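Below is one structure; the comments refer to it alone.
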Amino acid sequence: MSTNILQGKKGIVFGALDEKSIAWKTALKIHENGGQILLTNAPIALRMGKINELAEMVNAEVISADATSNEDLEALFTGACEKLGGKLDFILHSIGMSPNVRKGRAYNNLNYDWYHKTLDISAMSFHRVMQTADKLDVMNEWGSILALTYIAAQRVFPDYSDMANAKALLESIARSYGYRFGKSKKVRVNTISQSPTNTTAGTGVPGFSAFIDYAEKMSPLGNANAEDCANYIVLMFSDLSRMVTMQNLMHDGGFSSTGITEDVVKIILDKEEN
Ligand code: NAI
């Protein structure tokens with residue numbers, strides 16, 4: 001559905017790698033709803049991904065930035081304000097990577113250098129993004145900043161390994177910075193806790209197809225897909241959500257409030273009978 005609820009708003013979308021990425025679908029939806037975007041990703045992702053295809057579709061400029069580098073982020077924000085012709089109304093942080101998960105290291109066998117990287121890329125980068133935006137004073141009043149998270153921050157999903165810790169830190173950063181940004185600039189900061197979604201980052205988690213299947217059966221509405229997430233982000237960037245801040249917003253078809261479902265009971269009973 002396309003509306004004009006983002007008409008006149010401009011901002012940065014981090015993390016569109018390919019057409020499966022949540023950030024990719026979000027960029028399309030922001031464009032469809034009248035918003036103006038600048039796209040960014042890590043230099044290696046720009047070389048390997050397809051961001052230029054997306055940039056053409058949404059009429060966006062692209063600036064590369066490693067979200068773990070202060071210098072890159074400073075150059076990104078300065079360049080974005082120049083190219084977009086003013087301050088920003090929204091930022092989407094859609095970034096996640098764990099070398100331990102990628103290389104199949106279990107939680108009781110972590111490589112600590114990689115653990116640092118996981119936290120730096122997947123969580124501290126959110127603080128870096130906001131601190132840089134704050135210091136350079138690039139946010140408009142009543143702007144909206146979002147990061148994407150997963151319920152493994154609250155509940156144990158063993159194969160999610162050190163990413164669970166990164167997501168817990170990410171959600172905590174949203175609250176701590178949300179307080180400051182709310183007071184100083186009336187900027188809101190939230191995380192969206194998304195259902196398991198079939199993307200490059202998602203499918204890197206061992207046993208991911210089981211995550212998706214289980215969550216689908218445990219959610220009264222079924223799993224929220226990347227497009228549903230993009231629509232929710234549009235709502236959160238619009239003025240319709242202007243008093244929502246410092247929240248971890250569950251976008252999961254009801255998964256987080258469900259104890260068990262008939263679907264799961266049936267599978268267990270069928271198994272017992274066989
Ligand atoms: P994706 O693989 O398409 O996106 C991850 C992005 O992070 C990529 O574009 C990658 O280039 C970027 N990235 C990695 N290191 C970076 C760095 N140093 N600097 C800048 N960018 C960097 O996968 P997806 O699923 O769209 O992930 C987006 C967000 O959604 C992540 O935070 C992920 O944890 C979160 N999420 C994903 C779920 C899923 O099941 N796919 C479920 C819940 C949350």
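Remember, it's a predicted structure, so these values are computed and weren't measured experimentally. Ligands are counted one by one from 1 in listed order, and the atoms in each one are counted from 1 as well.
The shortest heavy-atom distance from A65 to ligand 1 is under 4.0 Å. Residue G204 places no heavy atom under 4.0 Å from ligand 1. Distances shorter than 4.0 angstrom do not occur between any heavy atom of H93 and any atom of ligand 1.
In this comparison of I51, I151, I95, the heavy atom closest to atom 31 (C) of ligand 1 sits on I95. Nearest residue to atom 32 (O) of ligand 1 from K167, E19, M48, M97 is K167 (criterion: closest heavy atom). The closest non-hydrogen atom to atom 19 (N) of ligand 1, taken over A16, A67, S21, comes from A67. The closest non-hydrogen atom to atom 44 (C) of ligand 1, taken over T26, L148, T68, T149, comes from T149.
Side chains of N100 and S161: a donor-acceptor N/O pair is absent below 3.5 angstrom, by distance only. A donor atom on one side chain and an acceptor atom on the other are found under 3.5 Å apart for T200 and D18. Side chains of D66 and T68: a donor-acceptor N/O pair is present below 3.5 angstrom, by distance only. Side-chain contact check for D252 and S195: no donor-acceptor pair (N or O, by modelled atom type) lies under 3.5 Å.
Not counting sequence neighbours, H31 has no partner by the side-chain hydrogen bond (donor to acceptor under 3.5 Å, both in side chains) test.
Under 4.0 angstrom from ligand 1, the non-hydrogen atoms of I22 come from both its backbone and its side chain. Of the heavy atoms in F208, only side-chain atoms (C-beta onward) come closer than 4.0 Å to ligand 1. Residue contacts with ligand 1 for K20 are absent, since no atom lies close enough (heavy atoms, distance under 4.0 Å). Neither the backbone nor the side chain of A147 comes within 4.0 Å of ligand 1, counting heavy atoms alone.
Counting Ile, Leu, Val, Met, Phe, Trp and Tyr side chains that sit under 4.5 Å apart, directly or through other members, W142 shares a hydrophobic cluster with M243.
In terms of heavy atoms, Q194 sits closest to Y150 at O-CD1, 3.4 Å. The heavy-atom pair separating T197 from A224 by the smallest distance is OG1-O, 4.2 Å.
Side-chain N or O atoms of S144 include one that pairs as donor or acceptor with a backbone N or O of M236 at under 3.5 Å. Panel note: side chain N223, backbone S219; no donor-acceptor pair is recorded below 3.5 Å.
Every atom of ligand 1 is numbered from 1 in the order shown, and the set under 4.0 Å from a heavy atom of S94 is 5 (C), 6 (C), 7 (O), 28 (C), 29 (C). Close contacts between ligand 1 and Q194 involve ligand atoms 42 (C), 43 (C) [criterion: under 4.0 Å to a heavy atom]. Which parts of ligand 1 touch P196 is read off a 4.0 Å heavy-atom cut-off, strictly below it: atoms 40 (O). Of all atoms in ligand 1, numbered sequentially from 1 with element shown, those under 4.0 Å from a heavy atom of I121 are 15 (N), 16 (C). Those atoms of ligand 1 that come under 4.0 Å of a heavy atom in S195, given as number and element, are 42 (C). Near A45, with a cut-off below 4.0 Å to any heavy atom, the atoms of ligand 1 are 11 (O). Here is the list of ligand 1 atoms found below 4.0 Å of a heavy atom in G202: 41 (N). Less than 4.0 angstrom separates some heavy atom of Y150 from each of these atoms of ligand 1: 42 (C), 43 (C).
Among all protein heavy atoms, the one lying closest to atom 21 (N) of ligand 1 is N41 OD1, 3.4 Å.
Ion pair D270/K266 flagged as a salt bridge, since at least one NZ, NE, NH1 or NH2 atom sits closer than 4.0 Å to an Asp/Glu carboxylate oxygen.
When side chains are defined from C-beta on, V129 counts as touching F77, because their heavy atoms get closer than 4.5 Å.
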